[in-house]
Student: 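Okay, here's the structure, questions in a sec.
Owing to the predicted nature of the structure, the values given are computational and were not obtained by experimental measurement.
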Amino acid sequence: MTAAATPAASPATTGEQPGVRLARSRRNAELSLLALAMVLVAAYGATVEANLLDTVTPDFWVPAAALGAVFLGLHLVIRFLAPYADPALLPAVALLNGLGVGFLRRIDLNDALPADRETLAIFAGTGGRQLAWTLVSVILAAALLVLMRDHRSVSRYAYTLGLAGIVLVMIPAVLPGRFSEINGAKLWIKFGDAFSIQPGEFAKLALLVFFAYYLVRKREVLSLASRRFLGIDFPRGRDLGPVVVVWLISLLVLIFEKDLGTSLLYFGMFVVTLYIATERVSWLLIGLVLFFGGAYLAYILGDLVGGPFANFYLRAEIWLDPFADPHDKGYQLVQGLLALGTGGLFGAGPGGGQPGLLPEVQNDFIFAGIGEEIGLFGLSALLVVYLLIVERGLRAALAVRDSFGKLLAGGLAFTLGLQVFVIVGGISKLIPLTGQTTPFLSAGGSSLMANWLLIAVLLRVSDGARRPVTGGGGKVARPAGGPPEQLHGAPTEVIRP
């Protein structure tokens, strides 16, 4: 006898539509990855203590546990308010943030007297302050998810945010140096010696909202081509106005705030958002020519005229030959290069390096300080984590259904990647040194809060991209493989929690 074939379940009996595949919210996967990230942070802390103290204290796990509790709170907010958000974003960022807190605590242990190291309080020193800033930043990210239930709602305030972004960018430039200048760059607003804020970190978010809103409405005009050269369609001359305006603003930032990285960040995120909106390679070429042409002009004027161009000229000279004055002007860059070279492939081990020799190791040069201890392989792993965050942001941009969300998520993801490139490029002598901080690793509340807000927006956009929409046959989401307006008749995707 042969067994009777079991009839296949039909769409009518399963409640599903033909040609659909299931997807889940993946919150449990997010929780598992988050737990793994905190285990890695705890292991890092234990290794640091083993190398610095020759023992592992019973409280080595407390910083990781405190961070885990903070991130667990955000996970619960995401579970209830953004259940379809990308499950890899929070764990990846939590890992970077946790390693940053761990390294800053490692610096505190190194600076403390040997007799006081084993009893150093969790909330003491730079590491303790970073832990407190992490709590504040995660609360702000959760509050943004609570207030912004739909990413499209923020477009109502696009012009207001654009104006606010310009004001935030320009405030440090117009303030006297004693209120805004640190290490030659005017990027801060200082309130005495104890507290300072970097408004440009928040300005990038406000400006990106405005750029996305503006380009959604102007992309058809900006996509028009006037002539074709070497197989590339170039825009009409009359449409160059927005790019020229942003280029001039970025040059003003370069000249008066004395920082190449911030100038490149603002101009780069506008040009790339413009490219995403129009899909014209010519805008990228025009942007590169304008920016590097302006930077070279500022360098020449710094040599001939000095004045507001002098700081950029000095940084460029140090970049070209840091070993010309390794004990004074080139000291910071030289020490960073030596730290990276000393680390080699595998590093000296967590807690085994000498980060005290690096000026500003807790801020600008934290990547070099960590690199000395985890080596090239460890730094490559960190960069892969950053790459993963950028990739998931770009994936959300591709999947979300509305054009504003596509430009917003794409711009945010690229901005994060560009900021990492700018700081790592400066430390490794690829480009001149900048005043940018390494996202989620460097000490400082402004950068940490702004970047956690950036992640919150990406979480909201990715939730909108994967969230089911009501259809005639049940909960039907976007067509598999692309936006609905481009894939008529494509199989759809049912998303279930």
Side-chain angles (χ1 to χ4, degrees), residues 20-34 37 74-75 78-79 81-96 141 144-145 148 150-152 154 205 208-209 211-212 215-216 268-269 272-273 275-277 279 382-421 439-440 451-469 476-487 490-497:
V20 301
R21 67 177 186 270
L22 297 177
R24 301 183 184 279
S25 62
R26 302 300 182 187
R27 299 277 64 82
N28 291 335
E30 178 183 80
L31 183 60
S32 300
L33 290 172
L34 187 58
L74 182 57
H75 164 76
I78 295 171
R79 182 176 286 270
L81 297 182
Y84 296 94
D86 193 301
L89 282 174
L90 175 59
V93 176
L95 176 61
L96 293 172
L144 184 61
L145 289 173
M148 187 176 64
D150 189 328
H151 62 272
R152 292 169 294 185
V154 75
L205 301 179
L208 268 172
V209 173
F211 291 160
L215 293 174
V216 163
M269 69 185 187
V272 168
T273 308
Y275 167 71
I276 296 173
E279 300 182 8
L382 281 183
L383 291 177
V384 167
V385 176
Y386 280 114
L387 181 62
L388 173 66
I389 298 171
V390 173
E391 185 271 335
R392 304 304 282 201
L394 293 176
R395 175 176 293 189
L398 290 172
V400 74
R401 303 172 186 91
D402 63 289
S403 298
F404 174 76
K406 291 181 182 296
L407 294 184
L408 181 61
L412 289 172
F414 172 80
T415 299
L416 182 64
L418 180 59
Q419 187 170 346
V420 174
F421 165 79
F440 306 110
N451 285 307
W452 268 108
L453 290 174
L454 183 152
I455 295 300
V457 177
L458 286 180
L459 287 168
R460 177 55 69 200
V461 175
S462 65
D463 175 67
R466 301 177 70 246
R467 178 177 293 274
V469 295
V476 181
R478 59 181 171 80
E485 64 269 21
Q486 296 178 3
L487 294 171
T492 55
E493 176 182 3
V494 173
I495 301 179
R496 293 183 175 178

Student: Grab the two heavy atoms, one from Leu144 and one from Ala456, that are nearest each other, plus how far apart they are.
Tutor: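 Minimum heavy-atom separation between Leu144 and Ala456: CD2-CB, 3.8 Å.
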Student: Look up atom CZ in Phe440 and atom CG in Leu454, then write down how far apart they are to the nearest 0.5 Å.
Tutor: 6.5 Å
Student: For Asn451, which residues count as a side-chain hydrogen bond (donor to acceptor under 3.5 Å, both in side chains) partner, sequence neighbours excluded?
Tutor: Lys204, Ser447
Student: How far does CG of Asp86 sit from CG of Leu388, to the nearest 0.5 angstrom?
Tutor: 8.0 Å
Student: Run the salt-bridge test on Arg26 and Glu30 with the 4.0 Å N-O cut-off and return the result as yes or no.
Tutor: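 Looking at Arg26 and Glu30, the cut-off is not met.
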Student: Quick one: do Leu96 and Ile389 satisfy side chain to side chain contact (heavy atoms under 4.5 Å, CB included)? Show the steps, please.
Tutor: CA-CA 11 Å; Leu96 293 172; Ile389 298 171; 3.7 Å; yes
Student: Hey, what do you get for CG (Leu31) to CD1 (Ile78), rounding to the nearest 0.5 Å?
Tutor: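 One finds 11.0 Å between CG of Leu31 and CD1 of Ile78.
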Student: Pair Arg392, Leu458 - check side chain to side chain contact (heavy atoms under 4.5 Å, CB included), show working.
Tutor: CA-CA 9 Å; Arg392 304 304 282 201; Leu458 286 180; over 6 Å; no
Student: According to side-chain contact (heavy atoms from CB on, under 4.5 Å), who are the partners of Phe414, at least two apart in sequence or on a separate chain?
Tutor: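 Residues passing side-chain contact (heavy atoms from CB on, under 4.5 Å) with Phe414: Val272, Leu418.
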Student: Quick check: do Met269 and Leu208 have side-chain heavy atoms less than 4.5 Å from each other?
Tutor: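 They are in contact (side-chain heavy atoms under 4.5 Å apart), so the answer is yes.
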Student: So which heavy atom on Ala465 is nearest to which on Ala396, and how close?
Tutor: CB-O, 4.0 Å
Student: For a side chain to side chain contact (heavy atoms under 4.5 Å, CB included) check, start with the C-alpha distance between Leu95 and Leu33, then their side-chain angles and the critical distance, and finish with the verdict.
Tutor: CA-CA 10 Å; Leu95 176 61; Leu33 290 172; over 6 Å; no
Student: Would you please name every residue forming a salt bridge (charged side-chain N to carboxylate O under 4.0 Å, His left out) with Arg79, sequence neighbours left out?
Tutor: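 For Arg79 there are no salt bridge (charged side-chain N to carboxylate O under 4.0 Å, His left out) partners, ignoring immediate neighbours.
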Student: Nearest 0.5 Å, please: how far is CG in Leu34 from CG in Leu74?
Tutor: 9.0 Å
Student: Residues in side-chain contact (heavy atoms from CB on, under 4.5 Å) with Ala397, at least two apart?
Tutor: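 For Ala397, the residues satisfying side-chain contact (heavy atoms from CB on, under 4.5 Å) (neighbours in sequence not counted) are Ala409.
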Student: Tell me every residue that passes side-chain contact (heavy atoms from CB on, under 4.5 Å) with Val420, counting only those two or more places apart in sequence or in another chain.
Tutor: Leu383, Tyr386, Val424, Pro439
Student: Compare every heavy atom of Val385 with every heavy atom of Ala92, then report the nearest pair and how far apart it is.
Tutor: O-CG1, 3.7 Å
Student: Heavy atoms, side chains only, cut-off 4.5 Å: are Val457 and Leu453 in contact?
Tutor: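 No. Closest side-chain heavy atoms not under 4.5 Å.
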Student: Determine, step by step, whether Val93 and Trp452 satisfy the side chain to side chain contact (heavy atoms under 4.5 Å, CB included) criterion, reporting the C-alpha distance in whole Å, the side-chain angles of both residues, the deciding distance to 0.1 Å, and the verdict.
Tutor: CA-CA 9 Å; Val93 176; Trp452 268 108; 3.5 Å; yes
Student: Of all the heavy-atom pairs spanning Val209 and Phe404, show the shortest one and how long it is.
Tutor: O-CE1, 3.8 Å
Student: What's the separation between atom CG in Leu215 and atom CD1 in Ile276, rounded to the nearest 0.5 Å?
Tutor: 9.5 Å
Student: State, to 0.1 Å, how close Val154 and His151 come at their nearest heavy-atom pair, and which atoms those are.
Tutor: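 Where Val154 meets His151 most closely, the heavy atoms are CG1-O, 3.1 Å.
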Student: Report the distance from atom CZ of Arg27 to atom CG of Leu90, rounding to the nearest 0.5 Å.
Tutor: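 Between atom CZ of Arg27 and atom CG of Leu90 there are 8.5 Å.
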Student: Could you pull out all residues at least two apart from Asp463 that satisfy salt bridge (charged side-chain N to carboxylate O under 4.0 Å, His left out)?
Tutor: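 Listed in chain order: Arg460, Arg467.
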